[in-house]
Peer 1: 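Before we start, here is the structure in question, set down as structure tokens.
Residue indices begin at 1 and follow the sequence shown.
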Amino acid sequence: MCRNLFNFARKSYFCAMDSIKSFNACIEKSIKDNWDKDALTDYLGATLQYHDVARKIEKLHILFENSGLKKGDKVALCGRNSSSWAVAFFATLSYGAVAVPVQNEFKPEQIYNIVNHSEAKLLFVGDVVATTIDGEQMPQLEGIIYLPDFSLILSRSESLTNARENLNALFGKKYPKFFRAEDVNYFKDEADDLALINYTSGTTGFSKGVMLSYRSVRSNLAWATADLKPHIKPGSKVLCMLPMAHMYGMSFEFIYEFLSGVHIYYLTRIPSPAIISQALQEVKPVIMIAVPLVIEKIIRKKVFPKIQNNRMRLLLNMPVISKKVRAKIREQVYQAFGGNLYEIIIGGAALNGEIESFLRRIEFPYTVGYGATECGPIICYRDWKTFKQGSCGQAALHQEVRINSSDPVNIPGEILTKGPNVLLGYYKNEEDTGQTIDKDGWFHTGDLGLMDEDGNVFIKGRSKNMLLGSNGQNIYPEEIEDKLNSLPLVSECLVIQSGEKLIALVHPDYDEVQNLGLNADDLKNIMEENRTQLNTIVPAYCKVAEIRIQEEEFEKTPKKSIKRFLYTE
């Protein structure tokens, strides 16, 4: 058994998690405290104030109650980031139901799998998803609700239909004069109550529904309150770019900010670099939550072209004036991100070494964190002022982190964590639960890392093979490979990431190629047809840019698994 040299835990007497008695009480308090402040804005669209959010939540509660939805029933949400998505999510939790966020970019079959597996009673859908799904494929649903205006797309319940048709009258009857702050009164959650189920993928064979309790949500909130509250004030602005169906974006671009009285702006379309840059200049966010590729794009497109010339290199190498030059560059980069940031928190994947060295050299306020859906998500963090370059921080508030290695400083081992953040288990999947959470309560992340004497964690590999898309989507190569392996002349394959692109390495069935009398050009054309067909059956962020022929069989382990690490770029 490996000896664990270090086991770091971070506790705090400043902000004990026990002080957060009810998560929904925090929603209630924020709404009352910030009643007339701006809350949610669809970028270039309408703005809801906190009292508007409360009113919409109350109407959804009336709809839920009169349609027969019970406490603990599952409610799925599938749509692009928007104020309506946020309202529906908070309405679900504050009613006492269980939220099931679903990636809006999933194919209909994947959405059906999650909705059916979770036994959701209601499904909220956005404008794009609404045009692609078939309610008949989700027989357990009692209704499908359209997010933009909360109208009914499908109802299998007379009570639901009546409740929606008479919603304004029911609201008027309950509040005949005014709807006021003192009318806001939400479900009081207990720590071990199930809050939400977040699926790690959409395909039946790979789906794992991560069950997160209110204890996990509260613990993440306690961390954010302790570490970020001094820098984020009521009325501050943030820009929400990451998918709210992911715990990273949901927790730290939405939940914490709303509970802090912050004004949240949603990029309701795919966040291209141009749109992001425009929004940053207009919103001027106080904090930014991002995946590495977003930061790298902005730096490479907006900053490097201005400084990577002979004159600038010469100035940076002159000791007398290099400090002034770096300060000027820092200000330019700072303004590129809106000019009002306390810090950028980067997570989800490793930050490019060149970009990180540049940011460190100009003393830019960035930090890199580490987390997992199963921890809702925070595991490691460190404020930018004390963050160690190349690391992903130290154990977050209330979390313990250790490396399962005989020499954690020098020999990578699996990163383990323990604390109130950790999931209850995987929904309807006791086998995976038992393999992931050991008898002592340690969550096995599947990631490899090192830890220095100060408790800083350095990630060295992701044994789970997950890839990260440019907008923060989790990409599971096994799902793509599973589909590609079924296409013509594919013997075995491997999907890797090259920059922002997905590349499929394919070892063809050469016996069949020979039997058919095909030449190299024929094989190349067939693989291109395979690529085209594959891209019609996977989400947009899983599309393969190129298929490369792997003439030799892939090297394999004794268990006949491909040695994936030999082929990654």
Side-chain angles (χ1 to χ4, degrees), residues 42 53 56-171 195-199 201-204 207 209 243-246 250 266 268-269 427 539-540:
D42 292 330
V53 174
K56 287 178 178 290
I57 286 175
E58 187 61 25
K59 284 192 172 185
L60 287 178
H61 283 182
I62 292 172
L63 181 67
F64 292 164
E65 182 178 1
N66 284 274
S67 67
L69 190 74
K70 298 180 178 61
K71 312 297 183 188
D73 282 346
K74 317 298 190 307
V75 176
L77 303 94
C78 187
R80 293 180 293 200
N81 287 6
S82 67
S83 58
S84 294
W85 196 105
V87 167
F89 179 83
F90 274 149
T92 299
L93 267 60
S94 59
Y95 182 79
V98 176
V100 183
V102 183
Q103 272 274 43
N104 74 288
E105 291 176 296
F106 279 159
K107 295 293 183 179
E109 181 183 284
Q110 296 172 304
I111 298 172
Y112 306 150
N113 288 335
I114 291 174
V115 170
N116 292 334
H117 186 264
S118 68
E119 302 170 295
K121 295 291 183 66
L122 295 175
L123 170 63
F124 286 90
V125 296
D127 51 357
V128 175
V129 176
T131 64
T132 63
I133 59 171
D134 176 8
E136 296 303 313
Q137 302 300 317
M138 299 171 283
Q140 297 178 82
L141 278 180
E142 293 182 7
I144 300 176
I145 302 171
Y146 188 55
L147 275 170
D149 61 6
F150 299 124
S151 59
L152 285 179
I153 292 177
L154 169 71
S155 175
R156 294 192 174 105
S157 162
E158 186 176 340
S159 58
L160 175 61
T161 302
N162 290 336
R164 184 62 188 90
E165 288 178 351
N166 299 287
L167 186 55
N168 288 332
L170 291 169
F171 183 83
L196 57 103
I197 304 175
N198 199 298
Y199 281 78
S201 74
T203 302
T204 304
S207 290
M244 287 198 293
H246 277 294
M250 182 196 299
Y266 293 110
T268 56
R269 296 294 185 266
Y427 191 55

Peer 1: Within the 4.5 Å heavy-atom criterion, are Leu170 and Asn66 side-chain neighbours or not?
Peer 2: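 In short, these two side chains touch, coming nearer than 4.5 Å.
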
Peer 1: For Asp42, which residues count as a salt bridge (charged side-chain N to carboxylate O under 4.0 Å, His left out) partner, sequence neighbours excluded?
Peer 2: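 Asp42: no salt bridge (charged side-chain N to carboxylate O under 4.0 Å, His left out) contacts found.
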
Peer 1: Does any pair with a residue in residues 122-166 pass ring-ring contact (aromatic ring centres under 6.0 Å, His included), and if so which ones, sequence neighbours excluded?
Peer 2: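 Matches after skipping sequence neighbours: none remain.
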
Peer 1: Working to the nearest 0.5 Å, report the span between CG of Leu122 and CG of Asp73.
Peer 2: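 The CG atom of Leu122 sits 8.0 Å away from the CG atom of Asp73.
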
Peer 1: Please indicate whether Lys71 has more than 12 foreign heavy atoms, meaning atoms of other residues, nucleotides or ligands, lying under 6.0 Å from its NZ.
Peer 2: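 Yes.
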
Peer 1: Hey, could you give me the CE/CZ distance between Met244 and Phe89, rounded to the nearest 0.5 Å?
Peer 2: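 Here the interatomic distance stands at 9.0 Å.
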
Peer 1: Please report the shortest heavy-atom distance between Pro101 and Trp85, naming the atom on each side.
Peer 2: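 Shortest heavy-atom separation between Pro101 and Trp85 comes out as CB-CZ2, 4.0 Å.
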
Peer 1: Tell me whether Lys59 at atom NZ has more than 12 heavy atoms from other residues, nucleotides or ligands lying less than 6.0 Å away.
Peer 2: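 Buried by this count: over 12 neighbours within 6.0 Å.
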
Peer 1: Name all pairs fulfilling the salt bridge (Lys or Arg N to Asp or Glu O under 4.0 Å) condition that reach into residues 86-101, sequence neighbours left out, sorted by first residue then second.
Peer 2: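 Pairs touching residues 86-101 that pass the test: none.
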
Peer 1: Once side chain to side chain donor-acceptor pair (under 3.5 Å) is applied, do any residues pair with Glu58, and if so which ones, sequence neighbours excluded?
Peer 2: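 For Glu58, the residues satisfying side chain to side chain donor-acceptor pair (under 3.5 Å) (neighbours in sequence not counted) are Lys174, Tyr175.
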
Peer 1: Could you pull out all residues at least two apart from Arg164 that satisfy salt bridge (charged side-chain N to carboxylate O under 4.0 Å, His left out)?
Peer 2: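 If we apply the salt bridge (charged side-chain N to carboxylate O under 4.0 Å, His left out) test to Arg164, skipping adjacent residues, there are no hits.
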
Peer 1: Of all residues at least two apart in sequence or in a different chain, which pass the side chain to side chain donor-acceptor pair (under 3.5 Å) check with Thr268?
Peer 2: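 Here no residue qualifies.
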
Peer 1: Are Tyr199 and Gln110 side-chain neighbours, meaning at least one heavy-atom pair lies under 4.5 Å?
Peer 2: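 Not touching, per the 4.5 Å side-chain cut-off.
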
Peer 1: Taking atom CD of Gln140 and atom CG of Leu123, what is their separation to the nearest 0.5 Å?
Peer 2: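 Result: 12.5 Å between the selected atoms.
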
Peer 1: Taking the side chain as every heavy atom from C-beta outward, state whether Leu77 and Val100 have any atom pair closer than 4.5 Å.
Peer 2: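 Heavy-atom side-chain distance check fails, nothing below 4.5 Å.
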
Peer 1: Hey, could you give me the CD/NZ distance between Glu142 and Lys121, rounded to the nearest 0.5 Å?
Peer 2: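 Here the interatomic distance stands at 5.0 Å.
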
Peer 1: Under the side chain to side chain contact (heavy atoms under 4.5 Å, CB included) criterion, do Ile111 and Lys107 qualify, and how do the steps go?
Peer 2: CA-CA 6 Å; Ile111 298 172; Lys107 295 293 183 179; over 6 Å; no

Peer 1: Not counting sequence neighbours, which residues clear side chain to side chain donor-acceptor pair (under 3.5 Å) with Ser118? List them please.
Peer 2: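 Side chain to side chain donor-acceptor pair (under 3.5 Å) list for Ser118, sorted by chain: empty.
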
Peer 1: If you take all heavy atoms of Asn162 and Asn166, which pair is closest and at what distance?
Peer 2: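 Smallest heavy-atom distance, with atoms named: O-ND2, 2.8 Å.
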
Peer 1: Begin with the C-alpha distance, continue with both residues' side-chain angles, and end with the deciding distance and a verdict on side chain to side chain contact (heavy atoms under 4.5 Å, CB included) for Leu152 and Leu160.
Peer 2: CA-CA 9 Å; Leu152 285 179; Leu160 175 61; 4.0 Å; yes

Peer 1: Taking only distance into account, with no hydrogens and no angle test, what donor-acceptor pairs under 3.5 Å do side-chain atoms of residues 91-99 form with protein atoms, sequence neighbours excluded?
Peer 2:
unit_1	atom_1	unit_2	atom_2	d
Thr92	OG1	Ala88	O	2.8
Ser94	OG	His61	NE2	3.0
Ser94	OG	Phe90	O	2.6
Ser94	OG	Ala91	O	3.4
Tyr95	OH	Leu69	O	2.7

Peer 1: Looking only at the side chains, is there a donor atom on one of Ser157 and Ser67 sitting less than 3.5 Å from an acceptor on the other?
Peer 2: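 Absent: no donor and acceptor within the cut-off.
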
Peer 1: Quick one: CD1 on Ile114 to CG on Asn198, what's the gap to the nearest 0.5 Å?
Peer 2: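 Taking CD1 in Ile114 and CG in Asn198, the distance rounds to 8.5 Å.
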
Peer 1: Identify, with sequence neighbours excluded, every residue that meets salt bridge (charged side-chain N to carboxylate O under 4.0 Å, His left out) alongside Glu119.
Peer 2: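 Once residues adjacent in sequence are excluded, the partners of Glu119 under the salt bridge (charged side-chain N to carboxylate O under 4.0 Å, His left out) criterion are Lys428.
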
Peer 1: Can you list everything that forms a side chain to side chain donor-acceptor pair (under 3.5 Å) with Asn116? Sequence neighbours excluded, please.
Peer 2: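 Asn116 satisfies side chain to side chain donor-acceptor pair (under 3.5 Å) with no residue once adjacent residues are dropped.
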
Peer 1: How many angstroms lie between CD1 in Ile62 and CG in Leu167, if you round to the nearest 0.5 Å?
Peer 2: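 Interatomic distance, Ile62 CD1 to Leu167 CG, rounded to 0.5 Å: 6.0 Å.
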
Peer 1: Could you give all pairs that pass the salt bridge (Lys or Arg N to Asp or Glu O under 4.0 Å) test and reach residues 74-86, with sequence neighbours left out?
Peer 2: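 Salt bridge (Lys or Arg N to Asp or Glu O under 4.0 Å) check on residues 74-86 returns Arg80-Asp127.
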
Peer 1: Determine, stepwise, if the pair Ile153 / Val125 fulfils side chain to side chain contact (heavy atoms under 4.5 Å, CB included).
Peer 2: CA-CA 9 Å; Ile153 292 177; Val125 296; 3.6 Å; yes

Peer 1: Output side-chain donor-acceptor pairs under 3.5 Å for residues 128-138, partner residues at least two apart or in another chain, one line each.
Peer 2:
unit_1	atom_1	unit_2	atom_2	d
Thr131	OG1	Val128	O	2.7
Thr132	OG1	Val129	O	3.0
Asp134	OD1	Glu136	N	3.0

